[in-house]
S.K.: 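A single structure is presented below for examination.
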Amino acid sequence: WGLNNKNDVDIDAPQAWGITQGAPIIVAVIDSGIDFRNQDLASKVWVNTAEVSGNRRDDDRDGYVDDVYGWNFVNNTGNVQDDNGHGSHVSGIIGAAGNNSYGVVGVNWNARIMPLKFLDATGSGSTDDWWRAVGSAAWVHLDATGSPADHADLVPPESGPALDRH
C-alpha cells in the first residue's frame with residue numbers, strides 16, 4: 001500500500017527507515033479517537049503529565065478536566081476511545097509501533113499520538129468541534145514549549161453530509 005508496494009507508487013518507507021525511524025514528536029490526530037486495545041497504538045499515545053487522572057480537576061488549567069490522553073469534543077470528556085475505527089487507522093499510519101512483530105508499522109516509529117476526538121461512532125462531527133480540537137492542540141504546543149508553534153500543517157475536514165457546518 002502507501003508505505004511500500006511492488007508498483008513503487010508509495011513513499012519508500014523501508015528505504016527511509018534505513019536512515020531514520022522518525023523524530024520524537026507529538027502528532028495531534030483530530031478524528032474519531034484511538035483504540036487503546038491495539039498493541040501497535042497503546043504505547044504510542046501522548047500523555048498529558050500536567051493532568052492528574054480521575055481527580056475531576058483541570059490541573060493544567062487548559063479548560064479540560066482530566067484530559068490525560070487527549071479530549072473527546074463529541075461528549076466533552078477525557079474518554080478518547082475510538083468507536084468508529086478511522087482515528088485508529090490514521091494514527092496507525094502515522095505512528096504505529098515498529099519492529100514489534102505485531103500488526104502494522106507507522107511512518108514515524110517515535111511519534112506520540114494526541115487523540116482529539118471530534119467524530120462520533122457514525123463518523124459525523126461538527127466544524128465547531130474540529131476547530132475546538134485545533135485550538136486544544138495549539139494550546140498544548142504553547143504550554144509545552146512556552147512559545148507559539150513555529151510550524152503546523154492543518155488539514156481541514158472534508159465538506160459533505162457527515163460534517164455539519166455551524
Side-chain angles (χ1 to χ4, degrees), residues 1-51 53 60 62 64 66-74 78-120 123 125 129-158 163:
W1 58 298
L3 297 181
N4 189 46
N5 68 52
K6 61 185 170 187
N7 296 326
D8 202 31
V9 182
D10 54 42
I11 65 169
D12 292 329
Q15 292 87 334
W17 293 326
I19 299 167
T20 180
Q21 288 81 42
I25 61 170
I26 300 169
V27 179
V29 176
I30 302 172
D31 207 294
S32 63
I34 196 164
D35 187 351
F36 289 95
R37 298 167 298 188
N38 183 309
Q39 292 178 21
D40 278 335
L41 298 175
S43 66
K44 307 301 292 196
V45 178
W46 165 81
V47 177
N48 180 358
T49 58
E51 193 72 44
S53 180
D60 59 3
D62 64 356
Y64 305 106
D66 292 340
D67 58 323
V68 177
Y69 303 108
W71 192 252
N72 179 333
F73 292 91
V74 176
N79 179 2
V80 293
Q81 178 64 36
D82 193 349
D83 53 7
N84 175 276
H86 191 267
S88 296
H89 178 82
V90 170
S91 296
I93 292 169
I94 293 167
N99 278 344
N100 64 354
S101 301
Y102 179 82
V104 299
V105 63
V107 173
N108 183 334
W109 302 1
N110 296 307
R112 293 280 176 229
I113 305 298
M114 179 197 311
L116 299 172
K117 181 179 174 72
F118 93 103
L119 296 175
D120 64 18
D129 284 347
W130 184 83
W131 279 112
R132 289 191 315 139
V134 168
S136 175
W139 171 267
V140 168
H141 186 78
L142 284 168
D143 186 50
T145 66
S147 62
D150 58 3
H151 178 77
D153 291 322
L154 298 179
V155 181
E158 296 292 326
L163 188 68

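The structure presented is a predicted model; accordingly, all values stated were derived computationally and were not measured. Numbering of residues begins at 1 and proceeds along the displayed sequence.
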S.K.: State, with a plain yes or no, whether a side-chain heavy atom of Val105 is found less than 4.5 Å away from one of Trp17.
M.R.: yes
S.K.: Would you mind reporting whether Asn38 and Ser88 have side-chain heavy atoms less than 4.5 Å apart?
M.R.: no
S.K.: Is there a donor-acceptor pair closer than 3.5 Å between any side-chain N or O of Arg112 and the backbone N or O of Ser43?
M.R.: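 It does hold such a pair.
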S.K.: Could you tell me whether a side-chain N or O of Asp67 sits under 3.5 Å from a main-chain N or O of Gly70, the two making a donor and an acceptor?
M.R.: no
S.K.: Keeping Asp40 on the side-chain end and Val104 on the backbone end, is there a donor-acceptor pair under 3.5 Å?
M.R.: yes
S.K.: Walk me through whether Val68 and Val47 qualify under side chain to side chain contact (heavy atoms under 4.5 Å, CB included).
M.R.: CA-CA 6 Å; Val68 177; Val47 177; 4.1 Å; yes
S.K.: Could you please spell out the steps behind the side chain to side chain contact (heavy atoms under 4.5 Å, CB included) verdict for Phe36 and Ile34?
M.R.: CA-CA 6 Å; Phe36 289 95; Ile34 196 164; 3.9 Å; yes
S.K.: Does atom OH of Tyr64 have more than 12 heavy-atom neighbours from other groups under 6.0 Å away?
M.R.: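 Correct, the count exceeds 12.
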S.K.: Can Asp35 and Gln81 be counted as having a side-chain donor-acceptor contact under 3.5 angstrom?
M.R.: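 Result is yes, a qualifying pair exists.
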S.K.: Would you find a donor on one side and an acceptor on the other, under 3.5 Å apart, between the side chain of Asn72 and the backbone of Asn79?
M.R.: yes
S.K.: So how far is it from Ile113 CD1 to Ile94 CD1, rounded to the nearest 0.5 Å?
M.R.: 5.0 Å
S.K.: Yes or no on side chain to side chain contact (heavy atoms under 4.5 Å, CB included) for Trp46 and Val27, after CA distance, side-chain angles and deciding distance?
M.R.: CA-CA 9 Å; Trp46 165 81; Val27 179; over 6 Å; no
S.K.: Counting only N and O atoms by type, is there a donor-acceptor contact under 3.5 Å from the side chain of Asp10 to the main-chain atoms of Asn5?
M.R.: yes
S.K.: Using atom types as modelled and distance alone, determine if a side-chain donor or acceptor of Ser32 lies under 3.5 Å from a backbone N or O of Asp82.
M.R.: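 No; zero donor-acceptor contacts below 3.5 Å.
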